[in-house]
Visitor: 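Let me begin by handing over the structure; questions about it come next.
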Amino acid sequence: MKNRLKSHLEQALRQCYAQGRLHSGEVPEIQLDVPSHAEHGDFACNVAMLLARAEKIAPRKIAEELMAALGEGDGLWRKVEIAGPGFINFFLSNRCWYGVLDDIARAGEDYGRCHLGAGKKVQVEFVSANPTGPLHIGHGRGAATGDAVASLLEHAGYAVDREYYINDAGNQMNTLGLSLYLRYRELLGETLDFPANCYQGDYIRDLAAEVVASEGRRLLDLTEEQAVAHFARFGGERILAGIDDDLQAFGVRFDRWYSEQSLYDRGEVERGIELVRERQLAYEQDGALWFRTTAFGDDKDRVMVRSNGATTYFASDVAYHKEKFDRGYDLVIDVWGADHHGYVPRMKAVMTGLGRDPEDLQVILVQLVNLLRGGQQVAMSTRSGEFVTLREVIDEVGRDACRFFFLMRRSDSQLDFDLELAKQQSNDNPVFYVQYAHARVCSINRAAQEQGMQPPALGEVDFDRLVLDEELVLAKRLAQFPETIAAAAQSFAPHRVVFYMQELAAQFHSYYNRNRVITDDPETTRARLYLANCVRIVLRNALRVLGVSAPERM
RNA sequence: GCGCGAUUAGCUCAGUUGGAUAGAGCGUUGGCCUCCGGAGCCAAAGGUCAGUGGUUCGAGUCCACUAUCGCGCACCA
């Protein structure tokens, strides 16, 4: 609809130039905004103001010329006017708005999808928590965000892969192995000092206890080095399996689990370092090998190979990102904790250094979750091992509320997550409010069915029966859904979908409360059922993007 | 010290990428059930968009400085 208006405007502008009524020849991008006030119409265009400078005449004058060239617009609008400093305001015809109901009925599950991405390959890498402990709620927010962004991009026509990067190389796995080994020995009767830099959480003891149960004292015969290696492998696998379980319970599925260690095993890290050398971006200093990232905007060069010969995490990250693009992705998105924001410039520098556009790498930063219970802060500290796990929160408030709450705010701003509120079944709780709107339509359908009526199919509805303002407002809101998805996808911002749903649900609840869908008049009833079911379809599609269920009864 | 980010209603936050008179939810106050699910709805009050200057037809939005808060500044991962 917006696009149709746009092409009308472009045509009018070209006509003005052709007829010599305007002279500059400039064709700016036509912008159409939905004004905040209804008296300014359905869409407002500012092109006359943009042209004012080049044309050197008053914007209202330009707007007049454009309006004259616009003509009737074959019934798309019922009124066009010039207002304020030179806005061109369009008032669309009701028939045109109710046409979106047919679009929705026709498209069904696909309503809201678009081809913005043109099939480009995108990888979204997220969670990627170290396999040294269970997922906590911070990871949960990353999981919800990454999954929703991936889903948004799918809806916008990108070919998306979800990937989890496993940091299974380096000394943290040794630390894990050592932590388990020491707890194992403790459980078998030794008293020893458990080092502060080892993992303190109870899950370490639990895992060690499993080993005691299955292996007994046998592993005491190993050398410490052998034992640590054994425990590291065992612990890593078990913890990763637990993470996978938690993510499945959360409804997140990855296309690929990518091991950092495999980069070493296949020589990718070596190849990455070679490439940096070939491009003359490496130099040696103090016995270490450095990547000259300062050449591309980083404020410090970065070490790839330490003076003791060990490669850094940065080196494998270079290799990993190089390898992502080798796999043919056009766009790579990393979802990171916001405390890693300092790493963005260096990774962008790596992109440039490797000959890619830095825009091909997008980093989404996810801020901390502040967990509350009835307004009171829940204490958390990863260091001491006292943290609230994702699993605990899913078990307590349910997957739907959990995902919804994680996505309610822009990902880069801190989030208050109140467990009591998330469990509450009232209008204070936004997730129930939205789901309830969906269930309510289903309930109306059931009531209609009992009276022998089916939700009407395409073409069975007389839109002239929709005469209420609220019905028009609902139709307009429904028409906005595809652009909401597109805009949210382009800015990697799932929270926009949340806000959209809350508005739509509020409008529907309000409509429902004031009017009966099922009336004495069969034609009116049909039209209203049709409208209500379009609301249901859009709510369901929106919830699906976020990974939240759309229940038929609650 | 340097860098990144934030600052919008009593609280928690949006703000369609620079548009017209600033938007929700919660909280507060006052209303609404003979009715398809009240798990809901309606209404009112509430604002110097942190401050100062700048850019222009037009600034919550862009730029500079200031203040306050948060985070980051390893040959760790």
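Chain letters run A, B, ... following the sequence lines, proteins first, then strands; residues in each count from 1.
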Visitor: Applying ring-ring contact (aromatic ring centres under 6.0 Å, His included), name anything that partners A:Trp336, two or more places apart in sequence or on another chain.
Guide: none
Visitor: Not counting sequence neighbours, list each pair that qualifies as a salt bridge (Lys or Arg N to Asp or Glu O under 4.0 Å) and has a residue in residues 477-490 of chain A.
Guide: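 For residues 477-490 of chain A, and leaving out neighbouring residues, the salt bridge (Lys or Arg N to Asp or Glu O under 4.0 Å) pairs sorted by first residue read A:Lys2-A:Glu483, A:Arg477-A:Glu503.
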Visitor: The side chain of A:Tyr343 is closest to which nucleotide in this list: B:C71, B:G19, B:A77?
Guide: B:A77
Visitor: Take atom C1' in B:U66 and the same atom in B:A74, then report the distance between them in whole Å.
Guide: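 Between the two C1' atoms, the distance is 33 Å.
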Visitor: Quick one: is B:G40 close enough that its OP1 or OP2 comes under 4.0 Å of any side-chain N or O from A:Arg514?
Guide: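 No.
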Visitor: A:Tyr433 side chain: which of B:G19, B:A20, B:C41 is closest?
Guide: B:C41
Visitor: Using a cut-off of 6.0 Å, state whether more than 12 heavy atoms not belonging to A:Asn308 lie near its atom CG.
Guide: yes
Visitor: Could you tell me whether B:C73 is syn or anti, where syn means a glycosidic angle within 90 degrees of zero?
Guide: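 Nucleotide B:C73 adopts anti.
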Visitor: Residues two or more places apart in sequence or in another chain: which of them pass side-chain hydrogen bond (donor to acceptor under 3.5 Å, both in side chains) with A:Asp317?
Guide: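 With sequence neighbours excluded, A:Asp317 shows a side-chain hydrogen bond (donor to acceptor under 3.5 Å, both in side chains) to no residue whatsoever.
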Visitor: Along nucleotides 2-15 of chain B, 5' to 3', which nucleotides get a B, which get an S, and which get a -, given that the test is a protein heavy-atom distance under 4.0 Å?
Guide: -BB-------BSSS
Visitor: So does A:Asp317 reach the base of B:A77 with its side chain, donor to acceptor, closer than 3.5 Å?
Guide: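 Check fails, no donor-acceptor contact within cut-off.
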Visitor: Can you list the stems that include RNA chain B, where a stem is three or more consecutive Watson-Crick or G-U pairs with distances under 3.5 Å?
Guide: B:1-7 with B:67-73, B:10-13 with B:23-26, B:28-32 with B:40-44, B:50-54 with B:62-66
Visitor: More than 12 heavy atoms of other residues, nucleotides or ligands under 6.0 Å from CD of A:Glu81: yes or no?
Guide: yes
Visitor: Working note: A:Glu260 + A:Tyr320, criterion side chain to side chain contact (heavy atoms under 4.5 Å, CB included); need CA distance, chi angles, decisive distance, verdict.
Guide: CA-CA 8 Å; A:Glu260 181 189 3; A:Tyr320 180 43; over 6 Å; no
Visitor: Of the nucleotides B:C75, B:A20, B:G40, which has the atom closest to the A:Ala83 side chain?
Guide: B:A20
Visitor: Between the base of B:C75 and the side chain of A:Thr312, is there a donor-acceptor distance below 3.5 Å?
Guide: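 In this structure, the two groups form no donor-acceptor pair.
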Visitor: Contact class for A:Ala310 vs. all strands (heavy atom < 4.0 Å): base, sugar-phosphate, or nothing?
Guide: nothing
Visitor: Which residues, if any, of residues 165-178 of chain A bring a heavy atom under 4.0 Å of RNA chain B?
Guide: A:Ala169, A:Asn171, A:Gln172
Visitor: Just jot down the ring-ring contact (aromatic ring centres under 6.0 Å, His included) partners of A:Phe87, sequence neighbours excluded, or say none.
Guide: none
Visitor: When you measure from the side chain of A:His509, which nucleotide among B:G40, B:U17, B:C36 comes out closest?
Guide: B:G40
Visitor: Can you pull every protein N or O that's under 3.5 Å from an N or O on nucleotides 47-49 of chain B?
Guide:
none

Visitor: Using a cut-off of under 3.5 Å, enumerate the N/O to N/O pairs linking the protein to nucleotides 55-59 of chain B.
Guide:
{"from": "B:U56", "atom 1": "O3'", "to": "A:Arg53", "atom 2": "NH2", "distance (Å)": "3.2"}
{"from": "B:C57", "atom 1": "OP1", "to": "A:Arg53", "atom 2": "NH2", "distance (Å)": "3.2"}

Visitor: Please tabulate, for the side chains in residues 38-50 of chain A, all donor-acceptor contacts under 3.5 angstrom to protein atoms that are two or more places apart in sequence or on a different chain.
Guide:
{"from": "A:Asp42", "atom 1": "OD1", "to": "A:Lys476", "atom 2": "NZ", "distance (Å)": "2.6"}
{"from": "A:Asp42", "atom 1": "OD2", "to": "A:Leu92", "atom 2": "N", "distance (Å)": "2.8"}
{"from": "A:Asp42", "atom 1": "OD2", "to": "A:Trp97", "atom 2": "NE1", "distance (Å)": "3.2"}

Visitor: Would you call A:Lys61-A:Glu55 a salt bridge at under 4.0 Å N-O?
Guide: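 Result for this pair is no, no salt bridge flagged.
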Visitor: Roughly how far apart, to the nearest Å, are B:U55 and B:G72 at atom P?
Guide: 39 Å
Visitor: Of all the nucleotides listed (B:G40, B:A77, B:G23), which has the minimum atom distance to the side chain of A:Tyr436?
Guide: B:G40
Visitor: Under the salt bridge (charged side-chain N to carboxylate O under 4.0 Å, His left out) rule, collect the residues that match up with A:Arg302, sequence neighbours excluded.
Guide: A:Asp298, A:Asp299
Visitor: Under the rule for ring-ring contact (aromatic ring centres under 6.0 Å, His included), what residues qualify as partners of A:Tyr436, not counting sequence neighbours?
Guide: A:His509
Visitor: B:G19 C1' sits how many Å from A:Arg60 CZ, rounded?
Guide: 15 Å
Visitor: Using a 4.0 Å heavy-atom cut-off, does A:Ser307 contact any base of the nucleic acid, only the sugar-phosphate backbone, or nothing at all?
Guide: base
Visitor: For the side chain of A:Arg440, starting at C-beta, report the closest nucleotide among B:A77, B:C75, B:G38.
Guide: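 Shortest atom-to-atom distance from the side chain points to B:G38.
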Visitor: Compute whether any side-chain donor of one residue and acceptor of the other, for A:Asp334 and A:His321, lie under 3.5 angstrom apart.
Guide: yes
Visitor: Between B:G40, B:A77, B:G23, which nucleotide has the shortest distance from any of its atoms to the side chain of A:His37?
Guide: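 So the side chain of A:His37 is nearest to B:G23.
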Visitor: Under 4.0 Å, counting only non-hydrogen atoms across every strand here, what does A:Asn89 touch: a base, just sugar-phosphate, or nothing?
Guide: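 The answer is base, as A:Asn89 lies within the cut-off (heavy atoms under 4.0 Å) of a base atom.
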